Amino acid sequence: QVQLVESGGGLVQAGGSLRLSCAASGSTFGIYAMGWFRQAPGKERAFVAAVNWSGGSTSYADSVKGRFTISRENGKNTVYLQMNSLKLEDTAVYYCARGAGYGSSRPSDYNYWGQGTQVTVSS
C-alpha cells in the first residue's frame, strides 16, 4: 500500500512563496516519477509539474513555468514544489501523485494520489 501525504499549503499573499512537500511511504520511491496537480473550484484537475525517477528531468505547465520548481529527495521519499511569485489564479487544492519512471502531464498516468493541500492566494 502506498500513501502520499502533502503538506505546506496555506494562505499567502500574491507575490509570495510557499513550498509544498509530499512524503511517500514505501521503499521504492526512487523508481517512480512524481507529479504535482491542482484543482480549483469548478475546474478539472490540472497538471502543474513533474519530475522523473532520477530527478534529472522536469516539466511544468506553461502557467507556472519560471515560478514553480519541482524537486525530489529520494533518500527521504519526498517531493517538493517550490512556488514563487504566486498569483491569485494559483489558488487550488494541490495534489502529489506517483506515476511511472518518466514524467507525465496526464493524470491517468499516475496511480497513487495524496489527499491534497489547500493553497489560497490573496490580494
Side-chain angles (χ1 to χ4, degrees):
Q1 185 175 1
V2 175
Q3 189 171 21
L4 305 176
V5 180
E6 303 96 337
S7 62
L11 177 65
V12 64
Q13 291 182 321
S17 298
L18 285 174
R19 189 178 77 157
L20 306 183
S21 299
C22 176
S25 66
S27 61
T28 59
F29 177 81
I31 69 172
Y32 295 102
M34 298 294 296
W36 285 97
F37 294 78
R38 64 188 182 186
Q39 188 165 18
K43 297 185 178 180
E44 298 294 323
R45 190 166 298 186
F47 171 74
V48 176
V51 58
N52 76 335
W53 66 271
S54 70
S57 179
T58 59
S59 61
Y60 299 91
D62 289 342
S63 59
V64 307
K65 192 172 298 182
R67 300 188 297 119
F68 291 11
T69 302
I70 188 171
S71 62
R72 66 192 300 162
E73 296 185 42
N74 288 347
K76 297 182 179 180
N77 287 358
T78 302
V79 61
Y80 304 96
L81 184 68
Q82 178 67 47
M83 305 185 295
N84 298 326
S85 302
L86 283 161
K87 303 176 180 180
L88 293 177
E89 54 263 41
D90 294 321
T91 295
V93 177
Y94 283 71
Y95 300 88
C96 67
R98 193 192 79 175
Y102 55 88
S104 172
S105 63
R106 300 185 296 274
S108 61
D109 287 338
Y110 294 83
N111 52 4
Y112 291 96
W113 295 81
Q115 294 298 306
T117 185
Q118 177 71 49
V119 173
T120 302
V121 183
S122 67
S123 60

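Worth saying up front: this structure is predicted, and the values here are computed from it rather than measured.
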How would you list all residue pairs meeting salt bridge (Lys or Arg N to Asp or Glu O under 4.0 Å) that involve residues 106-123, not counting sequence neighbours?
->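 Sorted pair list: Arg106-Asp109.
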Residue pairs fulfilling salt bridge (Lys or Arg N to Asp or Glu O under 4.0 Å) with at least one residue in residues 31-47, sequence neighbours excluded |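 Residue pairs with at least one partner in residues 31-47: Arg38-Asp90.
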Indicate if [X] and [Y] have the same hydrophobic cluster label, given that clusters are the connected sets of ILVMFWY residues with side-chain heavy-atom separations under 4.5 angstrom.
X	Y	value
Val119	Val48	yes
Tyr94	Val121	yes
Val2	Trp36	yes

Rounded to the nearest 0.5 Å, what separation is found between the [atom1] atom of [X] and the [atom2] atom of [Y]?
X	Y	atom1	atom2	result
Thr117	Leu81	OG1	CG	11.0 Å
Gln82	Leu18	CD	CG	8.5 Å
Lys65	Ser59	NZ	OG	8.5 Å
Ser25	Tyr112	OG	OH	9.0 Å
Leu4	Thr78	CG	OG1	10.5 Å
Ile31	Trp53	CD1	CH2	10.0 Å

Partner residues of Lys76 under the salt bridge (charged side-chain N to carboxylate O under 4.0 Å, His left out) criterion, sequence neighbours left out =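 Partners of Lys76 by the salt bridge (charged side-chain N to carboxylate O under 4.0 Å, His left out) criterion, ordered by chain and then number, come out as Glu73.
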Which other residues end up in the same hydrophobic cluster as Leu11, if Ile, Leu, Val, Met, Phe, Trp and Tyr are linked when side-chain heavy atoms come under 4.5 Å apart?
->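 Same cluster as Leu11: nobody, lone residue.
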Under 4.5 Å between side-chain heavy atoms, chaining through other members, with only Ile, Leu, Val, Met, Phe, Trp and Tyr counted: pull out the rest of the cluster around Tyr110, sorted by chain and number.
->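 So far as hydrophobic clustering goes, Tyr110 is joined with Phe37, Phe47, Val93, Tyr95, Trp113.
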Would you mind telling me which of Leu20, Val64, Thr58 makes a side chain to side chain contact (heavy atoms under 4.5 Å, CB included) with Ile70?
->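 Answer after filtering Leu20, Val64, Thr58: Thr58.
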Which atom of [X] lies closest to which atom of [Y], heavy atoms considered:
X	Y	answer
Ala50	Gly103	CB-CA, 4.2 Å
Ala92	Ala40	CB-N, 3.8 Å
Cys22	Met34	SG-CE, 4.3 Å

Decide side-chain contact (heavy atoms from CB on, under 4.5 Å) for Arg67 and Tyr60; before the verdict, give the C-alpha distance in whole Å, the side-chain angles of both, and the deciding distance to 0.1 Å.
-> CA-CA 10 Å; Arg67 300 188 297 119; Tyr60 299 91; over 6 Å; no
Does Gly116 offer a backbone N or O that forms a donor-acceptor pair with the side chain of Glu6 under 3.5 Å?
->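 Side chain of Glu6 to backbone of Gly116: a pair is present.
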Applying side-chain contact (heavy atoms from CB on, under 4.5 Å), run through Phe68 and Leu86 and close with a yes or a no.
-> CA-CA 9 Å; Phe68 291 11; Leu86 283 161; 3.8 Å; yes
Are side-chain heavy atoms of Gln115 and Val5 found at a separation under 4.5 Å?
->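 No. Closest side-chain heavy atoms not under 4.5 Å.
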Kindly state each residue pair satisfying side chain to side chain donor-acceptor pair (under 3.5 Å) with at least one member in residues 14-23, sequence neighbours excluded.
->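 Every pair satisfying side chain to side chain donor-acceptor pair (under 3.5 Å) with a residue in residues 14-23: Ser17-Asn84.
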Should we say atom CD of Gln118 is surrounded by more than 12 heavy atoms from elsewhere, each under 6.0 Å from it?
->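 Check passes, neighbour count above 12.
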